[in-house]
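Working notes, beginning with the structure itself.
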There are 2 protein chains.
Amino acid sequence: MASVRKTDKRIEDEALVETPDLEEFIGYNLKRAYVIVQSDFRRTLGEDGFAPRVFSALSLVVQYPNVTSSGLARMLGIERSGLVAIVDELEGRGLLKRTNVPGDRRVQALVPTAKGKTAYAEARAAVRAHEDRLLSNLSDDEKATLMSLLGKIRATEA
Amino acid sequence: MASVRKTDKRIEDEALVETPDLEEFIGYNLKRAYVIVQSDFRRTLGEDGFAPRVFSALSLVVQYPNVTSSGLARMLGIERSGLVAIVDELEGRGLLKRTNVPGDRRVQALVPTAKGKTAYAEARAAVRAHEDRLLSNLSDDEKATLMSLLGKIRATEA
DNA sequence: TATTGTTATACTCTATAACTATA
DNA sequence: TATAGTTATAGAGTATAACAATA
């Protein structure tokens, strides 16, 4: 039964190690924290809500109208082949349109629709609410410090 | 050509937005930072090195000898079915052994081999070197602050 | 030659559900 | 009934390589 386990050899061994090595690594802590935030994001936005990467893409399209898929890929730090499914989903939902660019027929400018702008404003509010609620045990100062330190890590990127 | 792009409409639009909404979200910054650290981890440990989750599992097996797969799953926050491939790899490399536990024949205690302990010590040193190098633009104080803030996020977990 | 968007493909990580052998 | 380990399976997310159209 379960109560026996609390006193058996395996758990006694655990008690001998105060802090596992693992907890000393930034990478491990970063991942565990990221998983928590991401899964709360998905839970909050729900089945029919945006996945994080789709939300990110929509955000950039609304803020940078006429951005291209390749531009989006660069900003998001992923390969441009990965943008196809994301843009397909957003276009399929009627939130943006692929439009031709006069002067370069290779390129498709991504333009948010009115519906897309509205949907983004609502989703942004939902995401803000999710982070405010989930991270309510961090003060505004702590959040700002965290952002700044994460920014320092991001600044190491090649 | 590329130089034209710097003055076309798409990039002019970008200049109008100082800071994209995206950058205000903890989740987004957490993910970007995590991707950087994780990919440097993999690059540093190399083709035949441990993947992050395999390193994590080995670390816990070395520090908690006789831990079970289910125990590992709980500590790592993943489903126990996911441990099978990880433990298979570590056992296949001769770094741990699945051993029977007298008194409960359902359970397999995971015991690190001598080779496993050595391999872990070396990998741990490599991971520490990777983080020290990658995060050299953060002071020790900043790293400690970051850990503490990530710990606050982890503390929100159900 | 180089770039854009795209397709095909594969790999990693993870989850869910069900099975078996035990308890 | 419940738990440990396992299998089968599926779904994200991502990458690489190649292609057609265009520059």
Go through the steps to decide whether A:Tyr28 and B:Phe41 satisfy the test ring pair (Phe, Tyr, Trp, His ring centres under 6.0 Å), and finish with yes or no. CA-CA 11 Å; A:Tyr28 180 73; B:Phe41 179 110; over 10 Å; no
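- Residues satisfying the side chain to side chain donor-acceptor pair (under 3.5 Å) test with B:Arg154, not counting sequence neighbours, are A:Glu23, A:Asn29.
- A side-chain donor from one of A:Arg43 and A:Ser39 sits under 3.5 Å from a side-chain acceptor of the other.
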Polar pairs (N or O, both sides) under 3.5 Å between protein and nucleotides 6-8 of chain D?
| from | atom 1 | to | atom 2 | distance (Å) |
| --- | --- | --- | --- | --- |
| D:dT6 | OP1 | B:Arg98 | NE | 3.1 |
| D:dT6 | OP1 | B:Arg98 | NH2 | 3.4 |
| D:dT6 | OP2 | B:Arg98 | NH2 | 3.2 |

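- For the pair A:Leu76 CG and D:dA15 P, the computed distance is 11 Å after rounding to whole Å.
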Could you pull out every donor-acceptor pair under 3.5 Å between side chains of residues 116-123 of chain A and any protein atom, sequence neighbours left out?
| from | atom 1 | to | atom 2 | distance (Å) |
| --- | --- | --- | --- | --- |
| A:Thr118 | OG1 | A:Ala114 | O | 3.1 |
| A:Tyr120 | OH | A:Ser59 | OG | 3.0 |
| A:Tyr120 | OH | B:Asp21 | OD2 | 2.6 |

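- If you take CG of A:Asn100 and P of C:dT4, they are 16 Å apart, rounded to a whole angstrom.
- Applying the side chain to side chain donor-acceptor pair (under 3.5 Å) criterion to B:Arg105, with sequence neighbours excluded, gives no partner residue.
- Residues satisfying the side chain to side chain donor-acceptor pair (under 3.5 Å) criterion with B:Arg53, sequence neighbours excluded, are absent altogether.
- Atom CD1 of B:Ile78 is separated from atom C1' of C:dA15 by 11 Å (rounded to the nearest Å).
- Partner of A:Val61 under the side-chain contact (heavy atoms from CB on, under 4.5 Å) criterion, chosen from A:Val87, A:Val111, A:Leu96, A:Ile86: A:Leu96.
- Closest approach to the A:Arg106 side chain among D:dA4, C:dT14, C:dT4 is made by C:dT4 (side chain taken as heavy atoms from C-beta onward).
- Using bins of under 30°, 30° to 60° and over 60° for the plane-to-plane angle, the ring pair B:Phe25/A:Phe55 lands in the perpendicular bin.
- For B:Glu79 and C:dT12, the CD to P distance is 21 Å, given to the nearest whole Å.
- Using a 4.0 Å cutoff on non-hydrogen atoms, the parts of residues 21-57 of chain B near DNA chain C are B:Arg42, B:Ala51, B:Arg53, ordered by number.
- In this structure, A:Gly103 and A:Gly77 both approach DNA chain D, and ranking their closest nucleotides by distance from the 5' end singles out A:Gly77.
- For a distance-only test at 3.5 Å, the side chain of B:Arg105 fails to qualify as a donor-acceptor partner of the base of C:dT22.
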